[in-house]
There are 2 protein chains.
Amino acid sequence: MFVKEKNYTSTQEKTARYAKALGHPVRVFIMDFLIKNADKCCYSGDMAEELPIARSTLSQHLKELKDAGLIQGEINPPYIKYCINKTSWVEARGLFDLFFNR
Amino acid sequence: MFVKEKNYTSTQEKTARYAKALGHPVRVFIMDFLIKNADKCCYSGDMAEELPIARSTLSQHLKELKDAGLIQGEINPPYIKYCINKTSWVEARGLFDLFFNR
DNA sequence: ATTTTGTTTCGTTATTTGACGAAATACTAA
DNA sequence: TTAGTATTTCGTCAAATAACGAAACAAAAT
């Protein structure tokens, strides 16, 4: 039997994965917020104040960014300090750079 | 009455819109294909041959990229020649560049 | 031991997405 | 006029997403 193969590369898959994670304005906002405040501690509540959504919804968006590897949360009870994951950030930047400039 | 405002910028919305359009490996594949073959005519069927999905499914992905403005189709019966929309491409590149480098 | 606090998880709901095959479209060739 | 061709649209379905409020958690303060 001939099985149709997956025909996209792992680069394409990774690019799509990061793109998907950034495919909602709230998540772009979160990333912008974390970059702008990279020197400070960023808590979920700080972002919640600036967004018109429920805290539970924000929490879901944070989880998606975490699952995509773009951010990480450091527990500092009862807070959780969020920051971008530098390694993934650099990888994502590289993928988009490759995608757009060639 | 106080209505909670939209708190993300139009830049964030546009970035998310493009990111969402690129949030599937098939669509990244399509964009890669169109860039790589920018000098040739690119037909839906050419891409269909390299992908493990139904033609109707591919057509839907093409529509999504078209709706996001990233590609355009020039009718050349019974073919449709696809190519990237340079204007949107440049805008998207600019948005991601701004997003990642600042 | 109880309460308070910031955050997440759960349960639910409505909408969107991704996939397929069948049917429609629109033009060309016979 | 009929048949053929490349592609899209339609109808359907299952799965994923986005949203909410209520409930659960985990540590700190009372």
Side-chain angles (χ1 to χ4, degrees), chain A residues 3-8 12-13 16-31 33-34 37 40-68 70-83, chain B residues 3-8 12-13 16-31 33-34 37 40-68 70-83:
Chain A
V3 178
K4 257 200 167 179
E5 285 168 43
K6 255 195 326 189
N7 290 84
Y8 15 85
Q12 287 165 341
E13 280 181 353
R17 183 73 190 81
Y18 283 125
K20 187 176 183 183
L22 296 173
H24 192 289
V26 166
R27 297 197 287 270
V28 175
F29 174 94
I30 293 168
M31 296 304 290
F33 188 96
L34 293 182
N37 300 294
K40 304 187 193 67
C41 291
C42 297
Y43 303 115
S44 167
D46 303 334
M47 297 183 259
E49 279 170 20
E50 302 191 28
L51 286 169
I53 57 171
R55 272 147 204 268
S56 54
T57 305
L58 171 59
S59 196
Q60 267 186 200
H61 285 298
L62 288 166
K63 182 172 181 333
E64 280 184 62
L65 288 170
K66 222 184 304 173
D67 290 348
L70 282 166
I71 67 173
Q72 56 202 150
E74 184 189 312
I75 295 172
N76 183 9
Y79 298 88
I80 295 175
K81 178 185 164 183
Y82 281 101
C83 55
Chain B
V3 177
K4 254 199 168 180
E5 285 167 43
K6 257 196 325 192
N7 291 83
Y8 18 84
Q12 285 165 342
E13 280 181 354
R17 182 76 189 79
Y18 283 125
K20 188 177 182 182
L22 297 173
H24 191 289
V26 167
R27 297 197 289 269
V28 174
F29 174 96
I30 292 168
M31 296 304 292
F33 187 96
L34 294 181
N37 300 295
K40 305 189 193 66
C41 291
C42 297
Y43 303 115
S44 167
D46 303 334
M47 297 184 261
E49 279 170 21
E50 302 192 27
L51 286 169
I53 57 171
R55 273 148 203 269
S56 55
T57 306
L58 170 59
S59 195
Q60 269 185 197
H61 285 299
L62 287 167
K63 182 172 180 335
E64 281 183 63
L65 288 170
K66 221 185 303 172
D67 290 348
L70 282 166
I71 67 174
Q72 55 203 149
E74 185 189 313
I75 295 172
N76 183 10
Y79 298 88
I80 296 177
K81 178 186 163 184
Y82 281 101
C83 56

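Quick note on labels: first sequence line is chain A, next is B, and so on, each numbered from 1. None of these values were measured; they are calculated from a predicted model.
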(request) Answer yes or no: does a side-chain N or O of A/His61 lie under 4.0 Å from OP1 or OP2 of D/dT17? (result) no
(request) Would you mind reporting whether A/Tyr8 and B/Val28 have side-chain heavy atoms less than 4.5 Å apart? (result) no
(message) For a 4.5 angstrom cut-off between non-hydrogen side-chain atoms, does A/Asp67 reach A/Arg17?
(response) yes
(request) Rounded to the nearest angstrom, tell me the gap between atom OH in B/Tyr8 and atom C1' in D/dA18. (result) 11 Å
(message) So, using ring pair (Phe, Tyr, Trp, His ring centres under 6.0 Å) as the criterion, who are the partners of A/Tyr43 when residues are at least two apart?
(response) A/Tyr79
(request) May I have the distance from A/Glu64 (atom CD) to C/dT16 (atom P), rounded to whole angstrom? (result) 16 Å
(message) My understanding is that only one of A/Leu34, A/Ile30, A/Leu65 makes a side chain to side chain contact (heavy atoms under 4.5 Å, CB included) with A/Leu70; could you say which?
(response) A/Leu65
Between the protein and nucleotides 6-9 of chain D, list the N/O to N/O atom pairs that are separated by less than 3.5 angstrom.
residue: D/dA6; atom: O4'; partner: B/Pro78; partner atom: O; Å: 3.2
residue: D/dT7; atom: OP1; partner: B/Ser44; partner atom: N; Å: 3.2
residue: D/dT7; atom: OP2; partner: B/Gly45; partner atom: N; Å: 2.8
residue: D/dT8; atom: OP1; partner: B/Tyr82; partner atom: OH; Å: 2.1
residue: D/dT8; atom: OP2; partner: B/Ser59; partner atom: OG; Å: 3.0
residue: D/dT8; atom: O5'; partner: B/Ser59; partner atom: OG; Å: 3.2

(request) Side-chain contact test, heavy atoms from C-beta onward, threshold under 4.5 Å: evaluate it for B/Ser44 versus B/Ile80 and give yes or no. (result) no
(request) Identify, with sequence neighbours excluded, every residue that meets side-chain contact (heavy atoms from CB on, under 4.5 Å) alongside B/Ala19. (result) A/Leu22, B/Phe96
(message) Can you list everything that forms a side-chain contact (heavy atoms from CB on, under 4.5 Å) with B/Lys66? Sequence neighbours excluded, please.
(response) B/Ile71, B/Tyr82
(request) Name every residue in residues 16-30 of chain A that has at least one heavy atom under 4.0 Å from any atom of DNA chain C, in order of residue number, or write none if there are no such residues. (result) none
(request) Please list all pairs passing the side-chain hydrogen bond (donor to acceptor under 3.5 Å, both in side chains) test where one or both residues lie in residues 51-62 of chain B, with sequence neighbours left out. (result) B/Arg27-B/His61
(message) Rounding to an integer number of Å, can you tell me how far A/Leu65 CG sits from D/dA18 P?
(response) 11 Å
